[in-house]
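Not measured: the values here are computed from a predicted model. Below, chains carry the letters A, B, ... as their sequence lines are ordered, and counting in each starts from 1.
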2 protein chains.
Amino acid sequence: MPAENTQPKYRQIADYLRRGILDGTFPAGQPLPSEEALAKQFGVTRPTVRQGLTELRASGLVEAIMGRGTFARSPHSRPNVTRPRGIRRGKNGSFTEADGIKWTEAEEPIAVRTDAPLALADLLRVPPGEPLYTYDALQTAEPGLRQLHRTYVPFSILVSTKYEEEAPPQAPQLYAALADLGHELHFTEYLRPRMPLPDQAQALRLPDGVPILLILRVTLNEHDKPLALEEFQLPGDDLELAYSL
Amino acid sequence: MPAENTQPKYRQIADYLRRGILDGTFPAGQPLPSEEALAKQFGVTRPTVRQGLTELRASGLVEAIMGRGTFARSPHSRPNVTRPRGIRRGKNGSFTEADGIKWTEAEEPIAVRTDAPLALADLLRVPPGEPLYTYDALQTAEPGLRQLHRTYVPFSILVSTKYEEEAPPQAPQLYAALADLGHELHFTEYLRPRMPLPDQAQALRLPDGVPILLILRVTLNEHDKPLALEEFQLPGDDLELAYSL
DNA sequence: AAGTGGTCTAGACCACAAC
DNA sequence: TTGTGGTCTAGACCACTTA
């Protein structure tokens, strides 16, 4: 007697399509059968088919395009871009990113003063609520790269420096500015994946089912005192990071 | 005249609940109103409410528990565990992970010989199809940590060594074994986020909407020749990685 | 027993894209 | 005009949890 198939119908449909996508029956970029066709093929109604497709969409295996069809994606191949993470110091005291990407601001960045939330206060080793200089940017670069970049500098770091009145520059010039204040810099990055909120998905132009990579970079001086914190939100598709150990 | 609300109803419901979760109206761990209650509140039918909840589940903001309710999650707080990435060399030639975690195998690991797929052949700088010694493990550690760990070593690296007959050990003993063969080791890690496949989600006990962090660690010798490759799949919640630049 | 989420039907009408 | 996916109704019945 064969094992009973207790799987719900929508999951059987999802499994069938997932297998087809992974084994090449439905190649990346090609349309899947229409919802109507699948409903007929499996003897179910369209909402049931759509429930299966919703599952595939949430896992990034499939992208539905209004009026055109549902297309297989290829979230398991190596990405197009590798970004080596690191900071190099030039002879003239300048700092550059190891990946050499030239970013431009997609929109007018927003500079404000915020109060340190708990999670950031922890990393910056300042009391919660401490005022932070905050700089918020949506950056773009060729070919089609995007990232959200937020910079936090505690006012206590800037006090009795020329940046008490004048806004400090954005990284990497920020590093040179901090070095000019007499600090020896080093950096630690904390990272984790996360699903985007709707506004983040929109800003980064992410389809459904694509996670983001959240990076918190802390700039420290020679006494391991945190001087600044940057938050990067990177699209999880089409991109990988490289670190040397 | 107010701007017309063109948002679909299910998205209005999702937005209402998301706002509530992010601003603390629905605290993490607490149940949301039942689907029935939301349907009544918004004047829609249950399938419409469920469509909104499905969206929140896919983004990891909410977890439904059968028979009990739908509960808010807190995917935006700092995780419980920080794993510093790095490899330290002991005086006696041993290697240890910087995070100091002691892993145990949750199931009997599987050792097989596979042919290098394109993506791995690229990183190992061997021809596609080259035979690889492969070791597949599901590892656990206190408190409740889990990771998938796969090790690949090209047979061409092992030829005319004692590991031609005998299986090479798993990392970190693998590194000592490679060092014993006369190599000076260094390491590069490539990483990206991804949504799990169903079997991965099950092995790592991930709820819906939680991405995984995929790490490819390449072990290289002093001539930058790749010797081995490890693939780590880590749960994206409750964990962050730390790298020093 | 009552309340919760899970699955499914059988439609309807709409918005968008391609021909 | 036709075919596609997007939204929504108004139910039904089931499986699971808690009391």
Student: May I have all residue pairs that pass salt bridge (charged side-chain N to carboxylate O under 4.0 Å, His left out) and include part of residues 57-71 of chain A, sequence neighbours excluded?
Tutor: A/E63-A/R73
Student: What residues form a salt bridge (Lys or Arg N to Asp or Glu O under 4.0 Å) with A/R125, not counting sequence neighbours?
Tutor: none
Student: Checking A/Y133 now: which residues fulfil ring pair (Phe, Tyr, Trp, His ring centres under 6.0 Å) with it, not counting sequence neighbours?
Tutor: none
Student: Sequence neighbours excluded and cut-off under 3.5 Å, please list the side-chain donor-acceptor pairs for residues 102-124 of chain B, or say none.
Tutor:
residue: B/T104; atom: OG1; partner: B/T140; partner atom: O; Å: 3.4
residue: B/T104; atom: OG1; partner: B/T140; partner atom: OG1; Å: 3.3
residue: B/T114; atom: OG1; partner: B/T134; partner atom: OG1; Å: 2.7

Student: Would you please confirm or rule out a distance under 4.0 Å between OP1 or OP2 of C/dC8 and any side-chain N or O of B/R50?
Tutor: no
Student: What integer distance in Å separates A/Q51:CD from D/dT7:C1'?
Tutor: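 Rounded to whole Å, this separation is 15 Å.
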Student: Sorted by first residue and then second, give each salt bridge (charged side-chain N to carboxylate O under 4.0 Å, His left out) pair with at least one member in residues 131-147 of chain A; sequence neighbours left out.
Tutor: A/D136-A/R150
Student: When all nucleic acid strands are considered with a 4.0 Å heavy-atom cut-off, which category describes B/R11: base, sugar-phosphate, or nothing?
Tutor: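 No contact.
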Student: Starting at CD1 of A/I13 and ending at P of C/dT7, how long is that distance when rounded to a whole Å?
Tutor: 12 Å
Student: Quick one: which of D/dC8, D/dT9, D/dG5 gets closest to the side chain of B/Y10?
Tutor: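 Ranking D/dC8, D/dT9, D/dG5 by closest atom to the B/Y10 side chain puts D/dC8 first.
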Student: What class does the angle between the rings of B/Y243 and A/Y243 fall in, given that below 30° is parallel, 30 to 60° is tilted and above 60° is perpendicular?
Tutor: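 Because their plane-to-plane angle is under 30°, the rings of B/Y243 and A/Y243 count as parallel.
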Student: May I ask you to decide if the ring planes of A/H149 and A/F232 are parallel, tilted or perpendicular, using 30° and 60° as cut-offs?
Tutor: parallel
Student: Give the rounded distance in Å between these two atoms: CZ of A/F42 and C1' of C/dC8.
Tutor: 16 Å
Student: Kindly point out which of C/dG5, C/dT7, D/dG5 is positioned nearest to the side chain of B/A64?
Tutor: C/dG5
Student: Would you give a per-nucleotide map of nucleotides 10-19 of chain C, 5' to 3', where B means the base has a protein non-hydrogen atom under 4.0 Å away, S means only the sugar-phosphate does, and - means neither?
Tutor: BB---BBSS-
Student: CG of A/D208 versus C1' of D/dG6: gap in Å, rounded?
Tutor: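 My rounded result for the distance is 13 Å.
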Student: Give the rounded distance in Å between these two atoms: CD of B/Q7 and C1' of D/dC8.
Tutor: 16 Å
Student: Reading DNA chain D from 5' onward, which residue's closest nucleotide shows up sooner: B/G43 or A/E35?
Tutor: A/E35
Student: For DNA chain C, find the residues of residues 25-33 of chain B with a heavy-atom distance under 4.0 Å and give them by number; none if there aren't any.
Tutor: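 The answer is none.
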Student: Please check the phosphate of C/dT9 (OP1 and OP2 only) for any side-chain N or O of A/T48 closer than 4.0 Å.
Tutor: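 A/T48 to C/dT9 OP1/OP2: side-chain N or O found under 4.0 Å.
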Student: Checking B/R50 now: which residues fulfil salt bridge (Lys or Arg N to Asp or Glu O under 4.0 Å) with it, not counting sequence neighbours?
Tutor: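 Per chain and number, B/R50 pairs via salt bridge (Lys or Arg N to Asp or Glu O under 4.0 Å) with B/E35.
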Student: Report the distance from atom CG of A/L17 to atom P of D/dG5, rounded to the nearest whole Å.
Tutor: 11 Å
Student: Taking salt bridge (Lys or Arg N to Asp or Glu O under 4.0 Å) as the test, write out the residues that go with B/D208, two or more places apart.
Tutor: none
Student: What integer distance in Å separates A/R57:CZ from D/dG6:C1'?
Tutor: 9 Å
